[in-house]
Amino acid sequence: MTEQLTLAGFDAPPRDRLLFVIFPDADAAAQIARLAREKRGEHRLRGRPLAAKRLHVTLHHLGDYDGLPRDRVAAAREAAETVVMPTFDIVLDRTASFSPGRRNRPFVLLGSEGIAALRIFQCALGVSMARAGLGRWVTLRFTPHVTMLYDDRSVEEQAVERVSWTVREFVLVHSELGQTRHVVLGRWPLRG
């Protein structure tokens, strides 16, 4: 067993998150960051926009831990190695708040019709994850989005200027919870 053991009643809060993600290219990240600032002002949101280098689309969340389990990271790498898909484009063209009624809601950038290839890719990665023993962490309900900021106010869905980029790779990330840091554990180019 590689996960750290804790005593009942003394469980440490998770500090490490493991994710497969897609990062936007530099131009798209700058465009998303600018859009986040504009919409923040327009909707009188108080949450701080995420830094451009942290903007991403989460493909699969592989769990939160107190220390990364090496076997999980190894299985994720194994799954990533077997994915074969050519590069594809993403188009995001709507904003909205997720989780109405909750505090600290994600304010996100979504896509309508420019996400079909992204959905296919996310599913293909999920199949590879299941084959590598990570089926428990395969995300079945996938709403492709980029979180721009978190806020207590809720914003209805609205169309915005299109943001697009060509996806050329996907990444395994160790997110240090509460530290606003992403550590890249592996990158895999799209091919096929």
Side-chain angles (χ1 to χ4, degrees), residues 1-24 29 32 47-48 50-85 90 92 97-111 115 117-151 167 169-190:
M1 176 182 250
T2 60
E3 294 179 39
Q4 188 171 358
L5 297 176
T6 58
L7 298 173
F10 296 98
D11 292 343
R15 32 182 196 108
D16 305 286
R17 177 170 288 163
L18 191 59
L19 306 160
F20 274 121
V21 306
I22 293 173
F23 288 114
I32 295 167
R48 185 176 2 179
L50 298 179
K53 67 182 181 182
R54 291 191 56 230
L55 298 169
H56 65 275
V57 175
T58 298
L59 299 165
H60 294 280
H61 174 213
L62 285 79
D64 292 346
Y65 309 95
D66 184 23
L68 284 181
R70 283 187 286 235
D71 61 340
R72 193 85 19 88
V73 172
R77 290 175 185 272
E78 178 186 327
E81 291 292 335
T82 64
V83 176
V84 177
M85 186 163 170
I90 293 178
L92 304 175
S97 293
F98 279 175
S99 306
R102 254 188 59 203
R103 295 180 56 89
N104 205 28
R105 297 174 192 94
F107 179 64
V108 303
L109 180 62
L110 302 156
I115 56 173
L118 174 58
R119 287 184 181 281
I120 292 167
F121 175 72
Q122 188 266 355
C123 184
L125 177 57
V127 169
S128 292
M129 287 171 55
R131 288 184 183 138
L134 297 172
R136 173 180 172 203
W137 289 276
V138 172
T139 304
L140 299 176
R141 291 185 178 176
F142 180 53
T143 304
H145 66 278
V146 174
T147 299
M148 297 186 291
L149 60 87
Y150 293 88
D151 199 88
V167 177
E169 68 177 5
F170 65 105
V171 181
L172 180 63
V173 166
H174 168 206
S175 176
E176 296 177 356
L177 298 173
Q179 303 300 311
T180 65
R181 231 169 67 103
H182 288 156
V183 178
V184 173
L185 300 177
R187 294 179 181 275
W188 292 268
L190 295 184

Interatomic distance, CG@Leu110 vs CD1@Ile115, rounded to 0.5 Å, equals 8.0 Å
Residue set satisfying side chain to side chain contact (heavy atoms under 4.5 Å, CB included) with Asp16, at least two apart, ordered chain then number -> Leu68, His174
Worksheet item: Under the side chain to side chain contact (heavy atoms under 4.5 Å, CB included) criterion, do Phe98 and Val108 qualify, and how do the steps go?
Response: CA-CA 7 Å; Phe98 279 175; Val108 303; 3.7 Å; yes
dist Leu109:CG -> Leu92:CG (nearest 0.5 Å) comes out at 4.5 Å
**Prompt:** Any sub-3.5 Å donor-acceptor pair from Arg77's side-chain atoms to Leu185's backbone N or O?
**Reply:** yes
Closest heavy-atom pair, Phe107 versus Ser97, reported as atoms and distance to 0.1 Å, is CD1-OG, 3.8 Å
Return a table of donor-acceptor pairs under 3.5 angstrom between the side chains of residues 140-148 and protein atoms on other chains or two or more places apart.
unit_1, atom_1, unit_2, atom_2, d
His145, ND1, Thr143, O, 2.6

Trp137 and Gly63 have their tightest heavy-atom pair at CD1-N, 3.7 Å
Interatomic distance, CH2@Trp188 vs OG1@Thr82, rounded to 0.5 Å, equals 10.5 Å
Scanning both residues in full, the closest heavy-atom pair of Ala52 with Ala29 reads O-CB, 3.8 Å
In short, Ala75 meets Leu134 closest at the heavy-atom pair C-CD1, 3.6 Å
OH (Tyr150) and CZ (Arg48) are apart, to the nearest 0.5 Å, by 13.5 Å
Residues at least two apart in sequence or cross-chain that pass ring pair (Phe, Tyr, Trp, His ring centres under 6.0 Å) with Phe23, listed by chain then number, are none
Applying ring pair (Phe, Tyr, Trp, His ring centres under 6.0 Å) to His60 and not counting sequence neighbours gives none
Interatomic distance, CG@Leu19 vs OG1@Thr58, rounded to 0.5 Å, equals 5.0 Å
Sequence neighbours excluded, the answer for salt bridge (charged side-chain N to carboxylate O under 4.0 Å, His left out) partners of Arg119 is none
Determine, step by step, whether Val73 and Leu62 satisfy the side chain to side chain contact (heavy atoms under 4.5 Å, CB included) criterion, reporting the C-alpha distance in whole Å, the side-chain angles of both residues, the deciding distance to 0.1 Å, and the verdict. CA-CA 9 Å; Val73 172; Leu62 285 79; over 6 Å; no
With sequence neighbours left out, the residues meeting salt bridge (charged side-chain N to carboxylate O under 4.0 Å, His left out) with Glu176 are Arg181
Notebook entry, point to check: For Leu190 and Phe121, what are the C-alpha separation, side-chain angles and deciding distance, and is it a side chain to side chain contact (heavy atoms under 4.5 Å, CB included)?
Noted result: CA-CA 10 Å; Leu190 295 184; Phe121 175 72; 3.5 Å; yes
For Gly67 and Arg15 the tightest heavy-atom approach is N-NH2, 3.8 Å
Taken to the nearest 0.5 Å, the spacing of Leu149 CG from Asn104 CG works out to 9.5 Å
Check against side chain to side chain contact (heavy atoms under 4.5 Å, CB included), Thr139 and Leu59
CA-CA 8 Å; Thr139 304; Leu59 299 165; over 6 Å; no
